[in-house]
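Chain identifiers are assigned alphabetically (A, B, ...) following the order of the sequence lines, protein sequences preceding nucleic acid strands; residue numbering begins at 1 within each chain.
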There are 2 protein chains.
Amino acid sequence: MRLTTKGRYAVTAMLDLAIHAGKGPVSLADISERQGISLSYLEQLFAKLRRNELVRSVRGPGGGYQLNREQQGINVAQVIDAVNESVDATGCGHTGSCQDGSICLTHHLWCDLSSQIHDFLSQITLADLMERSDVRTVAKRQDREHLSSFEDSLISAKVTA
Amino acid sequence: MRLTTKGRYAVTAMLDLAIHAGKGPVSLADISERQGISLSYLEQLFAKLRRNELVRSVRGPGGGYQLNREQQGINVAQVIDAVNESVDATGCGHTGSCQDGSICLTHHLWCDLSSQIHDFLSQITLADLMERSDVRTVAKRQDREHLSSFEDSLISAKVTA
DNA sequence: CAATAACCAACTATTTTGGTCAACTATTAA
DNA sequence: TTAATAGTTGACCAAAATAGTTGGTTATTG
């Protein structure tokens with residue numbers, strides 16, 4: 001089992017998407033700026049999120065990504081699963097062939113741990129996260145620090161005019 | 001955070017040690033045979049376990065390793081920590097500087113998850129594991145399949161005689 | 001003294017992570 | 001219709017971590 005930046009990035013990006021929903025699709029470039037995640041890496045992650053039908057994409061100018069369901073319908077475990085970071089703590093993938101065909105001494109311990117983690121993460125939805133005060137605070141800070149590409153283009157339009 | 005064979009091997013080996021305690025020190029060669037873990041890799045893991053005072057060693061013939069405390073005094077979290085597999089799910093090591101000096105959008109989520117996992121694992125002692133029926137079953141199978149080096153030497157002594 | 005088994009250091013193969021780069025396709029605004 | 005935007009795909013890459021191996025040394029016991 002592993003939980004590295006891959007899974008964390010995916011959850012963070014999905015939460016960013018949830019927070020900035022409502023004003024049309026959100027571009028990966030905006031998420032990249034706000035969350036400090038490389039654009040090309042985000043592309044890879046969102047390809048997987050799309051294949052798992054957690055998001056849908058809109059191409060062309062003004063395009064970007066949108067959540068494919070309501071925020072209450074998406075939980076953290078699903079997002080992590082989607083980017084292939086299994087929350088499985090066993091070495092055998094629950095098959096029980098950890099030691100030449102049979103189960104190893106600690107097989108059931110890792111099974112128990114796996115369901116513990118999965119239960120915890122699957123009970124937390126994007127909607128839950130959005131309501132948290134610490135999340136709202138950080139989101140406000142990020143919005144202040146990074147204008148979206150939309151606002152950006154408005155400003156350069158003014159400057160040009 | 002990561003939980004790979006390293007942490008699993010460490011817990012498995014410690015449990016093997018607990019199960020075969022009472023008949024003097026247990027050699028790494030025996031653990032290697034029974035649990036199917038490479039001897040030299042075990043050496044590296046036990047160096048760390050010893051530095052963390054979870055085991056003590058006895059050198060020379062008939063030597064090996066022993067638990068440094070009672071089985072109830074050693075929990076799974078301690079063993080995993082000892083081999084440097086942190087059960088920390090945050091990217092910043094709880095410092096809160098995940099995004100250029102400030103906390104990232106999902107910092108508190110990973111903190112919560114970390115303590116969830118740590119609480120779970122620290123409540124399970126080696127003594128608890130030994131009582132489990134699935135552990136006892138697997139241990140019996142392993143003892144049947146692999147004679148200890150002690151029993152082995154008894155047999156070869158008979159053959160020689 | 002010889003066998004045993006812990007101890008130690010250095011090296012290696014493989015996998016995973018976290019990316020980059022280039023080429024391509026679909027959409028829309030001018 | 002054409003340029004710009006933005007997603008899509010695949011190949012590639014460097015660094016780090018994992019899971020070892022090799023080749024010793026030191027301490028202990030029979």
Side-chain angles (χ1 to χ4, degrees), chain A residues 1-10 12-13 17 24-33 35-52 54-66 68 80 83-86 91 98 148-150 152-154 156-157 160, chain B residues 1-10 12-13 17 24-33 35-51 55-66 68 80 83-86 91 98 148-150 152-154 156-157 160:
Chain A
M1 116 152 245
R2 48 192 173 250
L3 179 56
T4 61
T5 52
K6 192 195 273 188
R8 282 195 297 267
Y9 280 177
T12 302
L17 210 55
V26 180
S27 75
L28 293 189
D30 280 357
I31 298 178
S32 169
E33 264 239 353
Q35 305 304 333
I37 306 170
S38 111
L39 176 60
S40 15
Y41 200 46
L42 275 177
E43 286 174 355
Q44 283 178 51
L45 299 181
F46 272 79
K48 293 183 177 182
L49 293 171
R50 199 173 60 100
R51 257 176 256 136
N52 281 265
L54 293 174
V55 296
R56 60 170 171 272
S57 63
V58 180
R59 289 174 145 211
Y65 283 93
Q66 289 172 317
N68 207 17
I80 293 177
V83 294
N84 291 351
E85 287 218 305
S86 77
C98 347
S148 75
S149 57
F150 174 68
D152 238 18
S153 64
L154 279 189
S156 58
T160 318
Chain B
M1 112 153 249
R2 48 192 173 248
L3 180 55
T4 60
T5 52
K6 191 194 275 187
R8 282 194 297 266
Y9 280 177
T12 303
L17 211 55
V26 180
S27 74
L28 294 189
D30 281 357
I31 299 179
S32 168
E33 264 239 352
Q35 306 305 333
I37 306 171
S38 112
L39 176 59
S40 19
Y41 200 45
L42 274 177
E43 285 178 355
Q44 288 177 48
L45 298 181
F46 272 80
K48 293 183 178 183
L49 293 171
R50 199 171 60 99
R51 258 176 256 136
V55 297
R56 58 169 173 272
S57 63
V58 180
R59 289 176 143 209
Y65 284 93
Q66 289 172 315
N68 206 19
I80 293 178
V83 294
N84 292 349
E85 287 219 304
S86 77
C98 348
S148 75
S149 57
F150 175 69
D152 238 17
S153 64
L154 278 189
S156 57
T160 320

| message | Please check: side-chain N/O of B/S32 versus main-chain N/O of B/L28, any donor-acceptor pairing under 3.5 Å? | response | no
| Out of curiosity, A/N68 CG to A/N52 CG, how far, rounded to the nearest 0.5 Å? | 11.0 Å
Distances for protein N/O vs nucleotides 27-30 of chain D N/O pairs under 3.5 angstrom?
{"unit_1": "D/dA27", "atom_1": "O4'", "unit_2": "B/R59", "atom_2": "NH1", "d": "2.3"}

| Residue met sooner reading DNA chain C from 5', once A/E43 and B/G62 are mapped to nucleotides |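 Its nearest nucleotide lies further toward 5', so the answer is B/G62.
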| request: For B/R59, enumerate each residue passing the side chain to side chain contact (heavy atoms under 4.5 Å, CB included) test, keeping only those at least two apart in sequence or located in another chain. | output: none
| said: Looking at A/S38, I'd like to know whether one of its side-chain N or O atoms comes within less than 4.0 Å of OP1 or OP2 on C/dT20. | reply: yes
| query | Between B/S40 and D/dA19, is there a side-chain N or O to OP1/OP2 distance below 4.0 Å? | reply |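 No, B/S40 has no side-chain N/O under 4.0 Å of OP1/OP2 on D/dA19.
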| said: Nearest to the side chain of A/T5, heavy atoms from C-beta on, is which of C/dG18, C/dA6, D/dG7? | reply: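 Closest of the options to the side chain of A/T5: C/dG18.
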| note | Side-chain contact check for A/R50: nearest option of C/dT17, C/dC7, D/dT9 is D/dT9
Indicate every side-chain donor-acceptor pair of residues 36-43 of chain A with a distance under 3.5 Å to a residue at least two apart or in another chain.
{"unit_1": "A/S38", "atom_1": "OG", "unit_2": "A/Y41", "atom_2": "N", "d": "3.1"}

| Side-chain touch B/I31/B/F46, heavy atoms, less than 4.5 angstrom | yes
| Do the side chain of A/Q44 and the base of C/dT20 come within less than 3.5 angstrom through a donor-acceptor pair of N or O atoms? |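 Under the 3.5 Å cut-off, the side chain and the base do form a donor-acceptor pair.
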| Whole Å only: how far is the OH atom of A/Y65 from the C1' atom of D/dA6? |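 Answer to the nearest Å: 9 Å.
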